[in-house]
Amino acid sequence: MSTNRARLPIALASAFITTVALGTQRAAADSGVPATDYGENCVIDPGDFSVTLDSLRARCSLEQQNAIFSDASAGTVPNGPKHGWVISPAAIQPIAPAFWTGKTFYTVPDGGHLMNQVSPAGAEGFRADVNLAPAITDGAPAGC
């Protein structure tokens with residue numbers, strides 16, 4: 001797979017997982033940023049992390065998740081271990097936790113690399129570079 005073609009799945013997975021991973025920074029409840037309703041109980045609420053997490057895990061379709069990604073601005077480069085879950089393809093969601101539990105980021109503010117956690121014990125495998133680059137979907141800055 002070419003570098004450009006590989007960026008989309010990495011950008012989507014990295015942005016999605018690190019945005020909602022436990023331990024990420026969350027907007028304060030008094031941030032003044034209103035919740036965004038993507039329909040059918042898919043709600044992103046910067047003031048209520050539990051609503052956002054529940055929506056992303058159980059209520060938002062893949063199309064809604066893609067819209068959320070497109071609407072979001074690039075955040076800061078994550079660092080350290082981040083737990084996550086597989087969202088696509090849906091057929092492997094039940095077995096995925098036995099093979100993938102998140103990522104550990106080894107980064108500085110302008111990038112670095114990550115290692116996927118490939119077991120519940122946190123064993124590492126599948127290194128990927130992390131940097132800010134144009135998303136192939138719309139050219140906007142995205143983590144990839």
Side-chain angles (χ1 to χ4, degrees), residues 1-93 96-97 99-120 122-144:
M1 186 180 316
S2 76
T3 302
N4 284 339
R5 288 180 56 203
R7 283 187 182 172
L8 178 60
I10 293 168
L12 288 172
S14 295
F16 177 75
I17 292 165
T18 60
T19 299
V20 301
L22 297 177
T24 58
Q25 292 181 337
R26 303 187 263 276
D30 60 355
S31 68
V33 178
T36 303
D37 187 343
Y38 286 86
E40 314 225 355
N41 294 319
C42 175
V43 177
I44 304 304
D45 187 347
D48 191 338
F49 183 69
S50 63
V51 167
T52 298
L53 186 61
D54 179 63
S55 288
L56 291 170
R57 289 197 81 169
R59 302 184 193 298
C60 300
S61 68
L62 186 56
E63 292 77 19
Q64 289 167 318
Q65 292 167 7
N66 289 337
I68 293 164
F69 174 78
S70 294
D71 291 349
S73 59
T76 59
V77 176
N79 194 26
K82 306 297 178 195
H83 298 287
W85 63 89
V86 171
I87 59 170
S88 180
I92 67 166
Q93 289 176 358
F99 304 101
W100 186 86
T101 58
K103 301 171 186 240
T104 301
F105 290 83
Y106 299 95
T107 57
V108 295
D110 62 347
H113 74 277
L114 66 80
M115 295 294 289
N116 284 281
Q117 297 166 5
V118 294
S119 77
E124 293 185 340
F126 308 109
R127 178 190 162 117
D129 291 330
V130 175
N131 56 48
L132 191 63
I136 62 172
T137 54
D138 60 8
C144 60

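The model shown is predicted, which means the values in this text are computed figures rather than measured ones.
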- [ ] Would you please name every residue forming a side-chain hydrogen bond (donor to acceptor under 3.5 Å, both in side chains) with Glu124, sequence neighbours left out?
- [x]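 Partners of Glu124 under the side-chain hydrogen bond (donor to acceptor under 3.5 Å, both in side chains) test: Tyr106.
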
Determine the minimum heavy-atom distance between [X] and [Y], stating which atoms define it.
X      : Y      : answer
Trp100 : Trp85  : CZ3-N, 3.4 Å
Gln93  : Ser88  : NE2-N, 4.4 Å
Val77  : Pro109 : CG2-O, 3.2 Å
Thr52  : Pro46  : OG1-N, 4.5 Å
Pro134 : Gly139 : CB-O, 3.5 Å

Is the backbone N or O of [Y] less than 3.5 Å from a side-chain atom of [X], with the two atoms forming a donor-acceptor pair by type?
X      : Y      : answer
Gln64  : Ser61  : yes
Thr107 : Gly112 : no
Thr101 : His83  : no
Ser70  : Asn66  : yes
Asp45  : Val51  : no
Asn116 : Val118 : no
Glu40  : Cys60  : no

TODO: Decide yes or no for Ile68 and Leu56: does some side-chain heavy atom of the first lie under 4.5 Å from some side-chain heavy atom of the second?
DONE: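 Ile68 vs Leu56: side chains touch.
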
Open item on the list: Between Tyr38 and Asp71, is there a side-chain heavy-atom distance shorter than 4.5 Å?
Closed with: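 Side-chain contact under 4.5 Å: yes.
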
- [ ] Please round to the nearest 0.5 Å and tell me the distance separating atom CZ of Phe105 and atom CE of Met115.
- [x]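 If we round to the nearest 0.5 Å, Phe105:CZ and Met115:CE are 12.5 Å apart.
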
TODO: Only one of Val130, Asp129, Asn79 passes side-chain contact (heavy atoms from CB on, under 4.5 Å) with Leu114; say which it is.
DONE: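 Answer to the side-chain contact (heavy atoms from CB on, under 4.5 Å) test with Leu114 among Val130, Asp129, Asn79: Val130.
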
